[in-house]
Q: 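Below is a structure I'd like to ask you about.
These numbers come from the heavy atoms of this one structure, side chains and all, not from hydrogens, waters or symmetry mates. All ligand and atom numbering here is 1-based and tracks the order in the structure.
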Amino acid sequence: MDLNMYPRVILKGTLFKKSQQKRRTSPCNYKERFFVLNTEELSYSERRPGKKPITKGCIELSRIKCVEIVRSDVPIPCEFKYPFQVVYDNYYLYMFAPDNDSRLKWVRAIKEETKDNLLSSKYHPDFWIEGRWRCCHQTEKLATGCSNYYPIGTASKKPLPPTPDPQRRFSSPEERIVVALKNFTPSEDTDIPLHKDEEYIVIDSSQPNWWTVRDKDGNVGSVPCIYITEKFTNNIEKYEWYNKDISRAEAEELLMKENKEGAFMVRDSRQTGVYTVSVFTKAPGSNGEKFPRVKHYKIRQTESGESRYYLAEKYLFSTIPELIHYHQHNAAGLITRLRHCVSRDRSTSLRIEEMASEAWELEPEEITFGEELGSGQFGLVWKGSWCGKNVAIKTVRENSMSEEEFKEEARVMMKLSHPKLVQLYGACTQRSPICLVFEYLKNGCLANYLRTSRGSLTQEILLSMCVDVSEAMAYLESSNFIHRDLAARNCLVSEDLVVKVSDFGMTRFVLDDKYTSSEGTKYPVKWSSLEVIKYSRFSSKSDVWSFGVLMWEVYSEGRLPYECRSNAEVVESLNAGQRLLQPRLCPETVYQLMHWCWKEKPEDRPSFALLLHELASLADS
Ligand code: ADP
């Protein structure tokens with residue numbers, strides 16, 4: 001008998017597989033199967049004691065286009081927790097191994113057998129779930145992958161793919177330099193180590209938690225993106241906000257023409273080697289200055305020691321790009337934060353922006369109003385329908401919202417899309433009052449839901465509510481978007497108890513100063529971090545503080561934090577190092593996470609990516 005006639009078995013063993021969800025609505029099941037990889041095919045069968053195995057599926061190896069580890073932080077609801085994917089034709093087969101070694105063994109073996117196939121050059125490192133790719137948020141299942149696929153690279157012990165020609169290093173706009181904030185020891189073959197303060201080049205930052213970087217020796221691999229930070233250099237010429245050789249008068253003319261609050265640019269001062277930030281504002285000046293107008297701030301340098309840069313107040317930065325980045329998020333002494341950069345050569349990009357801005361404008365005839373749902377910051381909220389969908393319609397009372405700013409931001413907010421964020425569908429600004437149209441969630445606001453369900457919410461539900469919110473926030477964090485008012489009252493609950501985050505970024509458009517000034521009676525002091533209360537310094541880390549308070553609200557079943565204390569008393573006790581007490585229903589592990597969120601220094605708090613990881617592992621265990 002010629003043994004070569006038969007395919008040789010390479011690997012076999014029990015793994016779990018996820019049903020392939022060929023139809024979007026089909027349920028997602030995990031099935032235990034016995035897999036056999038031979039030199040021709042990958043087949044799987046159902047084995048039941050005392051019965052003949054039944055072959056359930058078979059994939060010819062020649063059809064395989066990619067096999068790779070799945071990196072995801074979603075909890076895996078089957079016994080085996082190490083996922084990998086096999087992409088063949090237009091299908092995705094997700095398989096789950098019992099441990100990392102077994103997973104690598106399978107991935108390497110299939111890679112080896114398929115290395116001469118016509119392979120994909122890109123793949124999706126995370127799962128396809130609920131109608132979108134978790135890695136790049138594309139909603140088309142067949143959308144091209146968002147990460148480079150290395151047929152023999154990352155998951156195998158073989159040498160990494162050759163380093164691209166150094167001349168080409170910066171040809172891709174994606175590639176940028178980062179610095180490691182701390183050491184990182186790889187836990188998987190696909191990772192590379194990070195050494196504190198060393199530089200790396202980002203090759204792929206499309207995933208929320210793990211980025212692919214290249215080190216100085218050309219090794220490529222994944223690292224947690226919370227451990228690295230962008231390296232700012234003092235070469236400002238590449239930045240869109242820098243206008244070389246522009247006079248003060250020309251700058252003023254351009255900014256006045258732009259006519260947008262916070263329009264700004266950086267230009268050369270008359271004094272050589274010195275730069276000026278010019279900002280447009282419509283805000284009334286304290287000493288009777290006329291408005292609208294352009295204000296100019298010289299970028300100053302400290303004289304003693306290592307030179308550092310600052311603007312109005314003494315927040316010091318090592319480079320000008322860092323300083324600008326900071327003031328894009330915080331006014332901190334400027335008349336307004338730096339909102340839109342203006343450059344001389346922007347006529348084409350402006351036109352594109354203008355065209356895109358119409359995408360969120362909805363036709364009033366398409367919107368039907370139903371019952372009233374409640375009353376919000378800007379006015380009444382109604383249930384309604386739009387394009388056959390149930391929606392929530394927020395009407396905006398006159399003078400309650402900075403409509404112009406909202407219109408500018410609506411485009412950004414519409415682009416934010418995640419299963420755990422309440423989707424903004426668009427706005428109708430052609431009639432008064434203007435109204436904003438959102439996804440409708442049947443169980444309304446989380447704070448009320450917690451109160452009305454007291455006594456009936458299980459530990460599992462309480463934890464899954466926190467996981468949901470941390471998922472949405474990890475997404476906002478990775479999109480560099482700050483919520484600014486995260487609290488249970490700003491989350492909504494769906495019919496099947498999924499919690500979604502709402503009202504992200506909306507406080508920026510509130511005109512009522514009782515709400516916006518930290519001394520105002522409506523200011524959410526009890527959810528605010530110390531640096532927000534003291535200096536209005538918002539960041540994703542100030543959102544993390546608020547998230548700690550939100551977790552406290554969840555485990556207190558909707559009680560008000562610091563119930564009997566005034567805002568002033570709360571600030572005093574926070575300054576004295578006191579924090580909210582452990583709610584009766586809250587496990588110690590979750591309370592420790594809350595405390596971590598309430599660290600005084602923002603940099604000592606965890607990122608949302610890390611919180612999500614911690615909470616998801618608790619939910620898993
Ligand atoms: P705002 O944040 O503008 O102050 P809210 O979001 O608190 O307004 O809205 C007021 C009430 O309207 C909420 O308590 C909630 O009951 C209801 N509501 C708001 N948005 C939705 C929505 N998308 N789906 C269902 N109900 C909603």
Q: Answer yes when Lys394 and Asp503 have at least one side-chain N-carboxylate O distance shorter than 4.0 Å, and no when they do not.
A: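 Result for this pair is yes, salt bridge flagged.
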Q: Of the protein's non-hydrogen atoms, which lies at the shortest distance from atom 16 (O) of ligand 1, and what is that distance?
A: Cys445 N, 4.0 Å
Q: Which atoms of ligand 1 are found less than 4.0 Å from any heavy atom of Val381?
A: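 So the atoms of ligand 1 that pass are 9 (O), 10 (C), 12 (O), 18 (N), 19 (C).
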Q: Establish, from distance only, whether the side-chain atoms of Glu363 and Trp386 form a donor-acceptor pair under 3.5 Å.
A: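 Side-chain D/A pair, Glu363 to Trp386: absent.
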Q: Give the residue and atom name of whichever protein heavy atom lies nearest to atom 6 (O) of ligand 1, and the separation in Å to one decimal.
A: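 It is Lys394 NZ, 3.0 Å.
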Q: Side chain to side chain donor-acceptor pair (under 3.5 Å) between Trp128 and Gln85: does it pass, once the steps are laid out?
A: CA-CA 11 Å; Trp128 166 264; Gln85 56 186 308; over 6 Å; no
Q: Looking at ligand 1, does any of its N/O atoms fall within less than 3.5 Å of an N/O of Asn448?
A: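 Min N/O separation from ligand 1 is not below 3.5 Å for Asn448.
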Q: Do any nitrogen or oxygen atoms of Asp503 come within less than 3.5 Å of a nitrogen or oxygen of ligand 1?
A: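 Yes; the residue has a nitrogen or oxygen that sits under 3.5 Å from a nitrogen or oxygen of the ligand.
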Q: By number and element, which atoms of ligand 1 are closer than 4.0 Å to a non-hydrogen atom of Asn490?
A: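 This gives 2 (O) as the contact atoms.
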Q: At less than 4.0 angstrom from any non-hydrogen atom of Ala392, what atoms of ligand 1 do you find?
A: 21 (C), 22 (C), 23 (N), 24 (N)
Q: Where is the nearest protein heavy atom to atom 20 (N) of ligand 1: which residue, which atom, and how far?
A: Leu492 CD1, 3.8 Å
Q: For atom 1 (P) of ligand 1, what is the nearest protein heavy atom, given as residue, atom name and distance?
A: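 Residue, atom and distance for the closest contact: Gln377 N, 3.4 Å.
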Q: Would you check whether Ala447 reaches within less than 4.0 Å of ligand 1, judged by its heavy atoms?
A: no
Q: Do Arg71 and Asp126 make a side-chain contact, defined as non-hydrogen atoms from C-beta onward lying under 4.5 Å apart?
A: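 With C-beta onward as the side chain, the pair stays apart.
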Q: Does a donor on one side chain sit under 3.5 Å from an acceptor on the other, for Arg293 and Thr281?
A: no
Q: Which is it for Tyr440 and Trp382 under the ring-ring contact (aromatic ring centres under 6.0 Å, His included) test, yes or no, and what are the steps along the way?
A: CA-CA 10 Å; Tyr440 171 75; Trp382 305 82; over 10 Å; no
Q: Is the positively charged end of Arg579 above the ring of Trp552, judged by distance under 6.0 angstrom from the centroid and angle within 45° of the axis?
A: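 No; the conditions do not both hold, so Arg579 does not lie above the ring face of Trp552.
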Q: Would you say ligand 1 has an N or O under 3.5 Å from any N or O of Arg489?
A: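 It does not: no N or O of Arg489 is found under 3.5 Å from an N or O of ligand 1.
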Q: Among protein heavy atoms, which sits nearest to atom 11 (C) of ligand 1, and what does the distance come to when rounded to 0.1 Å?
A: Gly374 CA, 4.2 Å
Q: State the atoms of ligand 1, each with its element, that fall below the 4.0 Å cut-off from a heavy-atom position in Tyr440.
A: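 Near Tyr440, the atoms of ligand 1 are 24 (N), 25 (C).
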Q: Using distance alone, determine whether Gly376 and ligand 1 share an N or O pair under 3.5 Å.
A: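 Not met; the criterion fails.
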Q: Side chains of Glu531 and Ser542 only: does a donor on one sit below 3.5 Å from an acceptor on the other?
A: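 Ser542 and Glu531 do not have a side-chain donor-acceptor pair below 3.5 Å.
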Q: What protein heavy atom is closest to atom 25 (C) of ligand 1, reported as residue, atom name and distance in Å?
A: Leu441 O, 3.1 Å
Q: Would you say Arg537 and Pro602 make side-chain contact, with heavy atoms under 4.5 Å?
A: no
Q: Could you tell me the residue and atom name of the protein heavy atom closest to atom 23 (N) of ligand 1, and the distance to it rounded to 0.1 Å?
A: Glu439 O, 2.7 Å
Q: Show me which atoms of ligand 1 lie under 4.0 Å from any heavy atom of Ser375.
A: 10 (C)
Q: Heavy atoms, side chains only, cut-off 4.5 Å: are Pro606 and Trp596 in contact?
A: yes
Q: Does Lys282 come within less than 4.0 Å of Glu261, counting only side-chain N to carboxylate O?
A: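 Salt bridge absent between Lys282 and Glu261.
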Q: Identify, for atom 17 (C) of ligand 1, the protein heavy atom at the shortest distance, and state residue, atom and that distance.
A: Leu373 CB, 4.0 Å
